[in-house]
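Quick notes on the structure that follows.
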Amino acid sequence: MQQYKVIIIGSGFGGITAAVNLREKEIHDFRILERRSFMGGTWCQNTYPGAAVDVQSPLYSLSFEPYPWTQMFAEQAELETYTNYVIDKHRLREQTDMETNVTRIHWEEEEKLWYINTSKEKYKAQFVISGSGPLSTPVIPDFKGKDSFQGASFHTNQWDHSYDYKGKKVAIIGTGASATQVIPAIAPEVKQLYVFHRSPHWVLPRPDYKFSKFQQKLLRINWIYRLLRSIIYWSLETRVIGFKYSPFLLKLFGQKKALRLLKKSFKDESIREKLTPDFTIGCKRILLSNTLYPAYCRDNVNLLFKDQGIKEITPKGISTMDGQEIDLDLIVYSTGFDVQNSMISYPVIGKNNSALSEVWADFPRAYLGSAVPNFPNYFIITGPNTGIGHTSAIFVIEAQMNYIIDSIERTLQSEYKSIEVLAEAEEEYTKMVHREMEKTVWNNGGCQSWYKGASGKVTAMFPGFTFTYQRLAKNFRQDHHSFMP
Ligand code: NAP
């Protein structure tokens, strides 16, 4: 059994940031466990046609690794290159075990160690940092007859590049952020594309911009990169005012713009009506696209709405509620991720044999979205209520790292072996989060989204400014923790 001071689960931006931050504090005794055959997480896994980031790249990048981006909203290939550039620059491959899927971890109180079972070896570690990512378990709903389909089918998250979709009859189910990027990318090349909307989403123009060679040179100058980052950060941060405090502002600045885009894109009022969501903009993730609606106007693209929804998947294609029999070669499932049930994708057994899944039976909760009472020395990256809908998730990961690395460093520098958040501190934090959540658009906007769990509580989002979260994470509270010898 191998033993390390710290085990990091996952090698996406969360795991990468944790590793680099540990090294900065001279903590070198760590190992990264990655379940896939490649490192990098989201942008190395989501390779569907059209994949691109929807937050400006100079901000959607690690603060300690600026990059001369070729465009404002980088495409998947460039993001994959960037991720690998960071991994290689920091020599993280040599401290990573690949194809090592964590199957269970449990805390041994006597030894003050975590035991980590994986698909390969077993490990022991004093600390575990979990960066398995909330959007990593794709969901395919159990449509009647799904397995009888004789054509090809796959989820956007597991795009099969060996399948040639050119000239084929293709259906795409779902119209969220992933579908919005796939549809315009494949529409010109397929014979027919059938787009199944269960509900329409709000779409805003995408202010993309290609950097010239000269501008890319400027991006290599540190202070210019940082200035651009700050400008983007503060302009995006103002959106929280709408999300949290003012549906009026959301409607004034967001919804009106989205309605204008609809009007400009479609002459037919009945189509516009069908594509107009019945919830307040921002309740679900706002989609940014200049190419989705033009793709919808193509002759080979067929829009199917709720009353033409999927009745059954048949060996040849899809039967719809209104009696159509659609022959298909390929079904693309763009039906999202299981965020609520697979925030942590392996069983975690803490003190007194308590299972994290039971502690979270009502809803997932954690102090700063990172630490749970009775689970000493265990930290979750992008845990409950750390999501954001308006800015860079990487900014939040880096903010969270202040708390996680600080906790580990304080423990290692003390005479104690473990650190644990106090139940009262977690309770108080969680109450504050859900009190602040009450008036947000994610709670009141009139939609059901992956931000909300079965409890009806919004458990994915942080209800406030990211600088508020950053301040909380930076300000380590000794009185909120107990240390044990
Ligand atoms: P999603 O936003 O959850 O969308 C899932 C889609 O599938 C929705 O349109 C949903 O309809 C539909 N659907 C689900 N179950 C269905 C069923 N049983 N029958 C018919 N339709 C069904 O998933 P996603 O598009 O993969 O995006 C997930 C998240 O990933 C995003 O919110 C975003 O945070 C992230 N993402 C980011 C980017 C980026 O540009 N950075 C790109 C892609 C994804 P309803 O709306 O009616 O539920």
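Both counts, for ligands and for their atoms, begin at 1 and track the order of listing. Start at 1 with the first residue, then count along the sequence.
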| field | Qualifying residues under side chain to side chain donor-acceptor pair (under 3.5 Å), relative to Tyr194, sequence neighbours excluded | value |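 By the side chain to side chain donor-acceptor pair (under 3.5 Å) rule, Tyr194 matches no residue at all.
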Verify, without hydrogens or angle tests, whether Glu34 (side chain) and Arg36 (backbone) share a donor-acceptor contact under 3.5 angstrom.
yes
Fill in: Thr468 side-chain N/O to Gly464 backbone N/O, donor-acceptor pair under 3.5 Å
no
Open item on the list: Under 6.0 Å from the ring centre and within 45 degrees of the ring axis: does the NZ or CZ of Arg206 meet both conditions for the six-membered ring of Phe73?
Closed with: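 Because its charged atom sits under 6.0 Å from the ring centre and within 45° of the axis, Arg206 does stack over Phe73.
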Less than 4.0 Å from some atom of ligand 1, heavy atoms are found in residues Trp43, Tyr48, Ala52, Val53, Asp54, Leu135, Pro141, Phe143, Gly174, Thr175, Gly176, Ala177, Ser178, Gln181, Arg198, Ser199, His201, Lys284, Arg285, Ser334, Thr335, Gly336, Phe337, Trp450
Residue pairs meeting ring-ring contact (aromatic ring centres under 6.0 Å, His included), one or both in residues 304-340, sequence neighbours left out, come to His155-Phe337, His197-Phe305
Across all chains, not counting sequence neighbours, the salt bridge (charged side-chain N to carboxylate O under 4.0 Å, His left out) partners of Lys168 are none
